[in-house]
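Data first, discussion second: the structure below is written as structure tokens.
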Amino acid sequence: MRLVARGMVSKEIGAQLDLSTRTVEKHRARILAKLGLHDVPTLVRWCLRNGLG
């Protein structure tokens, strides 16, 4: 989530964490669902408000 909050795209996050882009996208979708959020900009704002930026 910190990497998302920093504005990194799935491909960059995958490269940094040695994961496929699809895996990153799946994790992001699950995080959005668990938090009840609907899009990445809202997720970024949530992260920043909660000290994950």
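None of these values were measured; they are calculated from a predicted model.
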Q. Taking side chain as C-beta onward, heavy atoms only, is Cys47 less than 4.5 Å from Arg2?
A. no
Q | Members besides Leu43 in its Ile/Leu/Val/Met/Phe/Trp/Tyr cluster (side-chain heavy atoms under 4.5 Å) | A | Met1, Leu3, Val4, Met8, Ile13, Leu17, Leu19, Val24, Ile31, Leu32, Leu35, Leu37, Val40, Val44, Trp46, Leu48, Leu52
**Q.** NE2-OG distance between His27 and Ser10, expressed to the nearest 0.5 angstrom
**A.** 11.0 Å
Q) When rounded to the nearest 0.5 angstrom, what distance separates CD in Gln16 from CZ in Arg6? A) 7.5 Å
Q) Does atom CG of Asp18 have more than 12 heavy-atom neighbours from other groups under 6.0 Å away? A) no
